[in-house]
Amino acid sequence: MDISKGLPAIQSHRDLHIWITENQKMVPVPEGAYGNFFEEHCYVVLHVPQSPTATQGASSDLHYWVGKEAGAEAQGAAATFVQRLQEERGALTVLHREAQAHESDCFRSYFRPGIIYRKGGLPSDLKHVETNMFNIQRLLHIRGRKHVSATEVELSWNSFNKGDIFLLDLGKMMIQWNGPKTSISEKARGLALTYSLRDRERGGRAQIGVVDDEVKAPDLMQIMESVLGRRVGSLHAATPNKDISQLQKANIRLYHVYEKGKDLVVLELATPPLTQDLLQEEDFYILDQGGFKIYVWQGRMSSLQERKAAFSRAAGFIQAKGYPTYTNVEVVNDGAESAAFKQLFQIWSEKRSRNRQLGRVDKPTHVKRDVVKLHSQPELAAQLRMVDDGSGKVEVWCMQDLRRQPVDPKLHGKLCAGNCYLVLYTYQRLGRGQYILYLWQGHQATADEIKALNSNAEELDAMYRGALVQEHVTMGSEPPHFLAIFQGQLVVFQERAGHHGREQSAPTTRLFHVQGSDSYSTKTVEVPARASSLNSNDIFLLVTAGVCYLWFGKGCNGDQREMARVAVTVISKKNEETVLEGQEPPHFWEALGGRAPYPSNKRLPEEVPSIQPRLFECSSQMGCLVLAEVVFFSQEDLGPYDVMLLDTWQEIFLWLGGATGAWKEAVAWGQEYLKAHPAGRSLATPIVLVKQGHEPPTFTGWFFTWDPYKWTPDLSHKEVVEGSPGTALPISEIRAFYLSDSDFQDIFGKSKEEFYSMATWRQRQEKKQLGFF
């Protein structure tokens with residue numbers, strides 16, 4: 001379309017719309033060509049989310065993509081089109097500037113299984129992708145982990161290196177050459193892109209060969225050498241990845257940008273932790289995320305002139321800082337911020353953002369607990385953090401002498417701050433037993449005890465054949481389901497447990513703080529026995545040698561009082577005397593060592609953060625955690641070689657694919673993620689370890705749809721091997737089929753000959769456990 005004329009109609013049933021610059025016009029790209037980008041052009045990509053759980057709030061995303069060989073005219077045409085399209089769509093649009101090979105995770109998430117960079121410009125007849133064209137010779141350099149890209153390179157051995165994957169595309173024959181330093185997951189993802197290219201551009205009628213070991217693939221190497229010539233000399237070394245670590249991304253600074261006379265002033269305003277109230281609706285701000293990404297925030301009352309200058313101001317800032325010109329830029333409007341932007345702040349409230357304009361404060365809303373619906377509504381289970389009502393089977397072990405000792409069921413609710421505990425919960429779901437193993441760590445536990453806690457959890461997990469969901473819980477940050485297990489009778493004592501879980505001798509005067517109003521939120525924790533520990537909003541239990549005082553603060557309600565009476569029976573069998581705040585007998589204060597000031601102001605309701613869940617792929621580079629975000633995620637984004645981190649703000653889930661060997665590092669990665677988070681996250685946030693095929697509803701409920709039978713067996717190896725050459729096989733089976741002998745030995749623990757000599761049912765069982773179905 002001519003950019004000087006009307007804008008195109010946006011089809012409501014499609015979430016992705018792409019235009020390319022051609023002779024200073026914006027031409028729509030056919031859907032079959034999505035993911036192909038010519039280096040001499042600019043593109044405009046509009047994403048309008050269709051599913052409610054896959055959105056970045058209520059906003060759309062508008063991307064301005066620049067090819068590395070794009071001219072000034074193409075860039076100008078695309079920029080004008082973006083500006084007009086943004087004005088048409090209104091303030092609920094997030095703008096992105098993307099540069100070839102340096103795109104944001106948001107942009108890359110649209111194109112699965114990968115992006116293809118094509119040399120030159122689009123042919124004059126505007127055929128973006130030729131289907132069923134077999135007269136072709138090209139070499140594609142395939143790189144990337146979760147987000148894969150393929151770049152056309154010189155048809156020569158000089159283009160190859162040991163650390164990447166290369167696809168020699170000969171039309172009717174496609175040969176994937178895997179560098180000797182590539183990982184299993186990189187090989188699998190490269191193969192997924194290869195099959196996608198074959199199906200889209202050859203109608204599924206090309207043959208595919210894989211060179212994983214040149215010595216063992218002489219026929220394929222002969223074909224490659226007939227095109228590339230004989231290789232002279234050794235291959236280039238693997239090129240190091242330049243991924244940005246989480247520590248680098250945590251280095252953020254907020255700048256206030258404003259005009260003073262004819263000058264533009266950029267004033268550093270704050271460093272982490274950032275708070276939302278720093279952003280004023282009449283102003284304009286730049287948030288620098290360690291030079292990795294630049295955010296521009298526009299207040300709802302900022303001028304039209306400032307809004308139009310957003311990209312140019314960001315470019316000026318990038319130049320002044322000496323950052324690369326390809327640095328990613330994201331422009332967000334007040335009230336339409338992306339999830340990535342919001343999570344750079346300590347807490348983000350959607351209501352606060354809306355009410356700034358109205359000048360009011362709303363009370364926080366909470367999700368109503370309806371435990372009856374938890375089994376049928378995983379999304380409710382995820383929000384409430386409850387797999388069920390806590391009525392399943394419970395087993396408890398206390399760590400004693402670095403070994404687990406079973407705790408008498410009568411003492412299950414009594415934990416000691418100086419110890420670590422394993423709590424195994426068993427419940428039924430989809431007709432089979434499901435398990436959650438809580439690893440509870442007391443504040444006074446030693447490093448050796450914590451290490452023993454983890455090793456004993458591994459032993460239990462092995463006994464249950466890897467079926468345990470493991471949740472790491474720190475004292476004081478217990479999730480609702482953990483509290484529900486003990487039905488309001490959880491008590492934490494400030495001492496070490498003796499043998500068999502019984503607490504050691506204790507002082508005659510003790511003070512307990514009772515918190516909660518139902519069985520899903522109530523816990524009782526021992527606090528120092530002094531008056532300053534009291535709080536008018538809560539209930540306290542004072543145990544002395546002769547009497548037990550149940551003290552009701554003025555701010556407590558009837559539900560709290562009812563739950564406190566339940567807790568009393570667990571702590572003491574002595575005579576109970578109810579005491580109202582302000583009517584305490586002299587002995588009460590004597591037992592606490594005299595009167596002292598304590599908090600008495602009314603406690604405001606706890607605000608539930610307005611945070612969307614975010615999914616990341618985890619990897620390690622030079623010992624540092626590297627994350628790649630999958631925006632608008634689904635179950636399809638979870639693969640057998642992956643370690644994925646799902647951040648729901650209140651919990652961190654680490655999902656482990658069946659074929660991954662990094663499960664020991666996963667918890668450490670979760671801890672590193674929390675430590676490096678720019679919002680200053682609590683290090684006591686529960687970390688949940690989930691294995692492929694054993695996902696609880698508190699995890700699956702964050703996905704728009706979830707198929708619990710996705711990873712069940714459906715094909716034998718014989719069926720795969722004897723399948724039609726022109727039939728696209730399930731990628732999980734393809735991955736197993738093309739594993740090298742050494743990789744196969746590492747994953748399955750036996751040779752291919754040993755594996756395929758077993759009974760078919762045993763082959764299927766092992767493949768299922770490793771995620772190859």
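Everything numeric here is computed off the predicted structure, so don't read it as measured data.
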Counting C-beta onward and ignoring hydrogens, is there a side-chain heavy-atom pair between [X] and [Y] closer than 4.5 Å?
X      : Y      : answer
Phe317 : Tyr323 : yes
Phe653 : Thr648 : yes
Trp669 : Leu645 : no
Ile652 : Leu674 : yes
Leu46  : Arg89  : yes
Ile115 : Arg108 : yes
Leu344 : Leu287 : yes
Tyr673 : Leu654 : no

Before accepting this row, confirm whether a basic side-chain N of the pair [X]/[Y] lies closer than 4.0 Å to the acidic partner's carboxylate O.
X      : Y      : value
Glu69  : Lys119 : no
Asp105 : Lys293 : no
Lys249 : Glu629 : no
Asp288 : Arg253 : no
Glu39  : Arg118 : no
Asp164 : Arg143 : yes
Arg112 : Asp637 : yes

Can the ring centres of [X] and [Y] be said to be less than 6.0 Å apart?
X      : Y      : result
Phe37  : His41  : no
Tyr255 : Tyr285 : no
Tyr43  : Trp19  : no
Tyr110 : His63  : yes

Does the pair Leu638 and Trp655 meet the rule for a side-chain contact (heavy atoms from CB on, under 4.5 Å), with working shown?
CA-CA 8 Å; Leu638 308 178; Trp655 184 90; 3.6 Å; yes
Inspect the surroundings of CD in Glu282 and state if more than 12 heavy atoms from other residues, nucleotides or ligands are less than 6.0 Å away.
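Correct, the count exceeds 12.
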Is the count of non-hydrogen atoms from other residues, nucleotides or ligands lying under 6.0 Å from Gln319 atom CD greater than 12?
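At most 12 heavy atoms, drawn from other residues, nucleotides or ligands, come within 6.0 Å of this atom.
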In Å and rounded to the nearest 0.5 Å, what is the [atom1] to [atom2] distance from [X] to [Y]?
X      : Y      : atom1 : atom2 : result
Glu259 : Lys262 : CD    : NZ    : 12.0 Å
Asp707 : Ser634 : CG    : OG    : 12.0 Å
Ile318 : Ile294 : CD1   : CD1   : 5.5 Å
Asp61  : Leu95  : CG    : CG    : 9.0 Å
Gln650 : Gln383 : CD    : CD    : 10.0 Å
Leu168 : Leu155 : CG    : CG    : 6.5 Å

To check you understand the geometry: which heavy-atom pair defines the closest contact between [X] and [Y], and what is its length?
X      : Y      : answer
Leu269 : His256 : CB-N, 4.4 Å
Ala340 : Arg614 : CB-NH2, 3.4 Å
Cys618 : Met644 : SG-C, 4.4 Å
Val631 : Ser109 : N-OG, 2.9 Å
Val94  : Ser59  : CG2-OG, 3.8 Å
Ala314 : Val329 : CB-CG1, 3.8 Å

Any donor-acceptor pair under 3.5 Å from [X] side chain to [Y] backbone:
X      : Y      : answer
Glu617 : Lys146 : yes
His147 : Gly144 : no
Glu337 : Gly335 : yes
Ser185 : Tyr641 : no
Glu186 : Ser183 : yes
Arg14  : Leu16  : yes

Ring pair (Phe, Tyr, Trp, His ring centres under 6.0 Å) evaluation trace for Phe703 with Phe633:
CA-CA 7 Å; Phe703 291 75; Phe633 58 82; 5.1 Å; yes
Taking His47 as the fixed residue, which of Phe111, Phe632, Tyr34 is the one that meets the ring pair (Phe, Tyr, Trp, His ring centres under 6.0 Å) rule?
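Exactly one candidate clears the test, Phe632.
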Looking only at the side chains, is there a donor atom on one of [X] and [Y] sitting less than 3.5 Å from an acceptor on the other?
X      : Y      : answer
Trp65  : Gln100 : no
Thr194 : Gln176 : yes
Glu330 : Ser338 : yes
Thr80  : Gln83  : no

Let's go through Ser159 and Leu139 carefully: what are the C-alpha distance in whole Å and the side-chain angles of both, what is the deciding distance for side-chain contact (heavy atoms from CB on, under 4.5 Å) to 0.1 Å, and is it a yes or a no?
CA-CA 9 Å; Ser159 299; Leu139 181 64; 3.9 Å; yes
Please confirm whether Arg681 makes a cation-pi placement over Trp649, using NZ or CZ under 6.0 Å from the six-membered ring centre and within 45° of the ring normal.
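Pair Arg681/Trp649 counts as cation-pi.
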Could you walk me through whether Val82 and Leu62 pass the side-chain contact (heavy atoms from CB on, under 4.5 Å) check?
CA-CA 8 Å; Val82 164; Leu62 184 59; 3.9 Å; yes
Option from Arg97, His102, Glu98 for which side-chain hydrogen bond (donor to acceptor under 3.5 Å, both in side chains) with Asn328 holds:
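Testing each of Arg97, His102, Glu98 against Asn328, the sole residue satisfying side-chain hydrogen bond (donor to acceptor under 3.5 Å, both in side chains) is Glu98.
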Go through the steps for Gln298 and Asp283 under the test side-chain contact (heavy atoms from CB on, under 4.5 Å), then give the verdict.
CA-CA 7 Å; Gln298 303 175 136; Asp283 288 329; over 6 Å; no
